[in-house]
Amino acid sequence: QVQLVESGGGLAQPGGSLRLSCAASRSDFKFYAMAWHRQGPGKERELVASIGGFGNTNYIDSVKGRFTISRDNAGKTVYLQMNSLKPEDTAVYYCQVRFSRFGDAYWGQGTQVTVSS
């Protein structure tokens, strides 16, 4: 009944920027908590950034100061602003959201981010 649609991935040069978006397909659903994960080639999937129910944010050390997770005021879209991109940021990025405190987690389809010269 609801899908998460990701967009904004693509190719960027080292030092460049990309902005990922993850939007719910239905306007009557509001995000409670959300996160971005990524999985690079030959690597384990890792949590990159998250927003909790209070709006508190957390980041993996390797992206602190470079990435910013945010949501719109309506809680319908979550973003990941990625600046100062590095080749090691190359991965498939997945958004994950919950619509209530104890609800199931929903995942986006993934979007490819490639950082290369």
Side-chain angles (χ1 to χ4, degrees):
Q1 293 183 340
V2 61
Q3 296 181 6
L4 301 178
V5 181
E6 297 186 31
S7 63
L11 177 65
Q13 295 183 349
S17 298
L18 288 173
R19 188 193 192 200
L20 306 183
S21 298
C22 177
S25 61
R26 290 179 54 170
S27 61
D28 58 329
F29 281 73
K30 182 180 180 180
F31 298 157
Y32 173 79
M34 57 227 75
W36 288 94
H37 299 247
R38 70 184 181 186
Q39 186 168 20
K43 300 179 181 179
E44 299 288 333
R45 185 174 297 188
E46 63 180 351
L47 175 65
V48 178
S50 65
I51 299 179
F54 300 128
N56 50 300
T57 60
N58 287 281
Y59 299 90
I60 191 172
D61 285 345
S62 62
V63 307
K64 287 182 178 178
R66 300 190 299 118
F67 290 11
T68 303
I69 186 171
S70 63
R71 68 174 185 178
D72 63 6
N73 291 333
K76 301 299 194 302
T77 307
V78 59
Y79 304 95
L80 185 67
Q81 178 67 45
M82 304 184 294
N83 298 325
S84 302
L85 284 164
K86 303 176 180 179
E88 49 263 44
D89 295 319
T90 296
V92 178
Y93 285 71
Y94 301 89
C95 67
Q96 178 202 46
V97 307
R98 297 180 187 271
F99 296 99
S100 64
R101 182 179 179 185
F102 301 109
D104 293 335
Y106 291 79
W107 292 83
Q109 82 282 3
T111 184
Q112 176 70 48
V113 171
T114 301
V115 184
S116 176
S117 299

**Q** Got a second to check how far Leu85's CG is from Gln13's CD, nearest 0.5 Å?
**A**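 Answer for the CG-CD pair, Leu85 versus Gln13, is 11.0 Å.
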
**Q** Hey, would you say the Tyr32 and Phe99 ring centroids sit under 6.0 Å apart?
**A**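 Ring centroids of Tyr32 and Phe99 are no less than 6.0 Å from each other.
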
**Q** How long is the straight-line distance from CG of Leu80 back to CZ of Phe67, given to the nearest 0.5 Å?
**A**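 Between atom CZ of Phe67 and atom CG of Leu80 there are 6.0 Å.
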
**Q** Between Thr90 (side chain only) and Thr114 (backbone N and O only), is there a donor and an acceptor less than 3.5 Å apart?
**A**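 A pair under 3.5 Å: no.
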
**Q** State, to 0.1 Å, how close Arg38 and Ser62 come at their nearest heavy-atom pair, and which atoms those are.
**A**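 Shortest heavy-atom contact: NH2-OG, 3.6 Å.
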
**Q** Going by salt bridge (charged side-chain N to carboxylate O under 4.0 Å, His left out), name the residues that satisfy it together with Arg26, two or more places apart in sequence or in a different chain.
**A**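 Arg26 satisfies salt bridge (charged side-chain N to carboxylate O under 4.0 Å, His left out) with Asp28 only.
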
**Q** Quick check for you: to the nearest 0.5 Å, what is the distance between Leu4 atom CG and Ser21 atom OG?
**A**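 One finds 12.5 Å between CG of Leu4 and OG of Ser21.
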
**Q** Check whether any side-chain N or O of Asp72 sits under 3.5 Å from a backbone N or O of Thr77 as a donor-acceptor pair, and report yes or no.
**A**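 Yes; judged by distance alone, with no hydrogens or angles, the pair exists.
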
**Q** Salt bridge or not between Asp89 and Lys86? Use side-chain N to carboxylate O under 4.0 Å.
**A**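 Salt bridge flag = no for Lys86 with Asp89.
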
**Q** Please indicate whether Gln3 has more than 12 foreign heavy atoms, meaning atoms of other residues, nucleotides or ligands, lying under 6.0 Å from its CD.
**A**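 Open: at most 12 neighbouring heavy atoms sit under 6.0 Å from CD of Gln3.
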
**Q** Report yes if some heavy atom in the side chain of Ser116 is under 4.5 Å from a heavy atom in the side chain of Pro87; otherwise report no.
**A**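 Result no, sub-4.5 Å side-chain heavy-atom pair not found.
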
**Q** May I have the step-by-step check of side chain to side chain contact (heavy atoms under 4.5 Å, CB included) for Met82 and Tyr93, ending in yes or no?
**A** CA-CA 12 Å; Met82 304 184 294; Tyr93 285 71; 3.9 Å; yes

**Q** Looking only at heavy atoms, what is the nearest atom pair of Ser17 and Gln81, with distance?
**A**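 Taking every non-hydrogen atom into account, CB-NE2, 4.0 Å.
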
**Q** Main chain of Glu6, side chain of Gln109: is a donor-acceptor contact present, judged purely on distance under 3.5 Å?
**A**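 Judged by distance alone, yes, a pair lies under 3.5 Å.
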
**Q** When rounded to the nearest 0.5 angstrom, what is the spacing between CG in Leu20 and OG1 in Thr111?
**A**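 Spacing of CG (Leu20) from OG1 (Thr111) equals 6.0 Å.
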
**Q** Test your reading of the model: is there a side-chain donor-acceptor pair from Arg98 to the backbone of Gly103, 3.5 Å cut-off?
**A**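 Indeed, once roles are kept as given, a pair shorter than 3.5 Å links the two residues.
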
**Q** Does Tyr106 offer a backbone N or O that forms a donor-acceptor pair with the side chain of Gln96 under 3.5 Å?
**A**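 Checking the backbone N and O of Tyr106 against the side chain of Gln96, no donor-acceptor pair under 3.5 Å is found.
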
**Q** If you look only at pairs with a residue in residues 8-114, which of them pass as a disulfide (SG to SG under 2.5 Å), with sequence neighbours excluded?
**A**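 For residues 8-114, and leaving out neighbouring residues, the disulfide (SG to SG under 2.5 Å) pairs sorted by first residue read Cys22-Cys95.
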
**Q** In terms of hydrophobic clusters joined by side-chain contacts under 4.5 Å, are Val5 and Phe31 together?
**A**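 No, it is not one cluster - the side chains of Val5 and Phe31 are not joined through contacts under 4.5 Å.
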
**Q** Which atom names give the shortest non-hydrogen contact between Gly8 and Leu18, and what distance separates them?
**A**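 For Gly8 and Leu18, the tightest heavy-atom pair comes out as O-CD2, 3.9 Å.
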
**Q** Give a yes or no on whether the backbone of Ile69 and the side-chain of Tyr59 come within a donor-acceptor separation of less than 3.5 Å.
**A**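 Yes; at least one donor-acceptor contact below 3.5 Å.
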
**Q** As an exercise, state the distance from CE of Met34 to OG of Ser70, rounded to the nearest 0.5 Å.
**A**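 Reported value, rounded in 0.5 Å steps: 10.0 Å.
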
**Q** By the rule that ILVMFWY residues connect when side-chain heavy atoms come within less than 4.5 angstrom, directly or transitively, which residues belong alongside Trp107?
**A**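 Direct or chained contacts put Trp107 with Val92, Tyr94.
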
**Q** Hey, are the side chains of Thr68 and Tyr79 touching, using non-hydrogen atoms and a 4.5 Å cut-off?
**A**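 Result no, sub-4.5 Å side-chain heavy-atom pair not found.
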
